Amino acid sequence: MLNFTVGPVQAGEEVRAIGAQQVPYFRTPEFSQVMLENEERMCRFAKAPAGSRCVFITGSGTASMEAAVMNALTHRDKVLLINGGSFGQRFHELLALHQIPFEQIRLSTGQALRAEHLAPYEGRGFTAFVVNIHETSTGVRYDPALISEFCRRNGLFLLVDAISSFLADEFRMADWGVDVMITGSQKALACPPGVSVIVLSPKALARVEKSQARCMYLDLKSALKNGERGQTPFTPAVGTLLQIHERLAQIDRDGGAEAETAKIGALAAWFRSVIHDLPLDICSEAMSNAVTPLMTRNCSAYDVFTTLKDQYGIWVCPNGGEYQHKIFRVGHIGALTQQDYQVLLDALRDLVRRGILK
Ligand SMILES: *Cc1c(COP(=O)(O)O)cnc(C)c1O
């Protein structure tokens with residue numbers, strides 16, 4: 001199968017080779033060294049401010065979203081949330097569940113965030129801002145400069161789910177004043193699912209230190225304490241962390257996060273430039289490099305997904321909910337080349353010939 005979804009995505013050969021090996025015992029100086037290097041590279045690639053720390057949670061991205069909400073926010077906060085799709089909705093549910101006061105800006109599918117959306121919330125006593133910088137469900141990337149300036153003016157703590165955006169789009173934690181950045185192993189890190197990553201600024205670390213959160217597994221104080229010696233409180237996904245180590249080292253060797261982002265960006269731009277003959281419309285006002293959301297005209301997007309999967313050995317990413325039959329997404333993260341996209345383009349053109357894509 002050729003995989004153009006947004007996660008799990010295709011892993012490179014070296015990462016897959018580690019997956020075939022025995023998983024080692026982990027309470028060792030060798031594994032601690034691996035974890036300390038993982039932390040250092042993650043902070044560096046996120047361009048985190050000096051004194052930042054990073055924890056690795058065994059659990060998918062949502063575990064880290066929940067850990068961040070529980071440990072870095074309290075019932076004394078007043079949060080402004082951007083909710084433009086299913087991942088924004090997930091934050092909505094988490095904030096409600098953990099009884100953190102919030103208001104939300106609802107955006108419709110494909111809609112970009114603009115200054116006029118934020119203007120009514122200026123100077124209204126908010127303390128924190130929560131956003132999925134790339135709302136993967138709709139393919140919209142919110143403007144980080146706009147958010148950053150709003151948060152600076154209003155003195156807001158900034159918590160960003162960059163799960164599908166990290167490495168795909170530029171991310172500058174220190175410059176943008178981001179306090180918490182979250183990502184996951186199965187997106188542009190191109191490893192198996194099961195590990196998520198939280199980078200915390202000194203301001204976020206101070207909040208975690210004071211946190212009264214009542215949860216054992218997602219207690220970030222304990223994760224940070226153990227992390228000082230390159231360890232985790234409980235048995236982590238050791239194999240996946242070794243794969244992440246290999247992947248981060250590779251990125252480091254190949255020119256760092258900028259080079260990786262440039263590669264993904266070039267692939268996305270090229271793909272978007274060669275699909276004009278297809279009866280598909282790009283349906284996002286502001287895109288991430290991670291994915292291209294495509295709207296069908298006179299056929300079901302879900303049928304396109306199913307036919308590609310069953311008859312061509314290709315996965316694209318279907319949409320759920322009300323857009324199930326209207327939108328499918330083509331991802332640009334993971335070990336993919338132009339040749340891989342050529343196979344996808346040939347298949348899509350074949351679907352046009354067969355009258356399935358119209
Ligand atoms: C993938 C993703 C998540 C995490 O989902 P999990 O299934 O828990 O890994 C969260 N937010 C965004 C924006 C994502 O793209």
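All values reported here derive from a predicted model rather than from experimental measurement. Both ligands and their constituent atoms are indexed starting at 1 by order of listing. The analysis underlying the following values was restricted to heavy atoms, covering all of them including side chains, and did not include hydrogens, waters or symmetry mates.
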Check: Is there side-chain contact between Met35 and Arg229, with heavy atoms separated by less than 4.5 Å?
Finding: no
Check: How about Leu308 and Leu348: do any of their side-chain heavy atoms sit closer than 4.5 Å?
Finding: yes
Margin query: Whether Lys326 engages the ring of Phe305 as a cation-pi pair (distance to the six-membered ring centre under 6.0 angstrom, angle to the ring normal within 45°) should be assessed.
Written below: no
Note to self: Quick check: closest heavy atoms across Ile182 and Gly61, and the distance to 0.1 Å?
What the structure shows: CG2-O, 4.4 Å
Check: Which residues, ordered by chain and number, are linked to Met295 in its hydrophobic cluster, where ILVMFWY side chains connect at heavy-atom gaps below 4.5 Å, directly or through other members?
Finding: Tyr323, Ile327
Next item on the list: Might you work through the salt bridge (charged side-chain N to carboxylate O under 4.0 Å, His left out) test for Arg124 and Glu103, ending with a clear yes or no?
Entry: CA-CA 11 Å; Arg124 292 245 332 263; Glu103 285 183 39; 3.0 Å; yes
Check: Who's touching ligand 1 if we go heavy atoms under 4.0 Å?
Finding: Ser60, Gly61, Thr62, Met65, Phe87, Arg90, His134, Thr136, Asp161, Ile163, Ser164, Gln186, Lys187
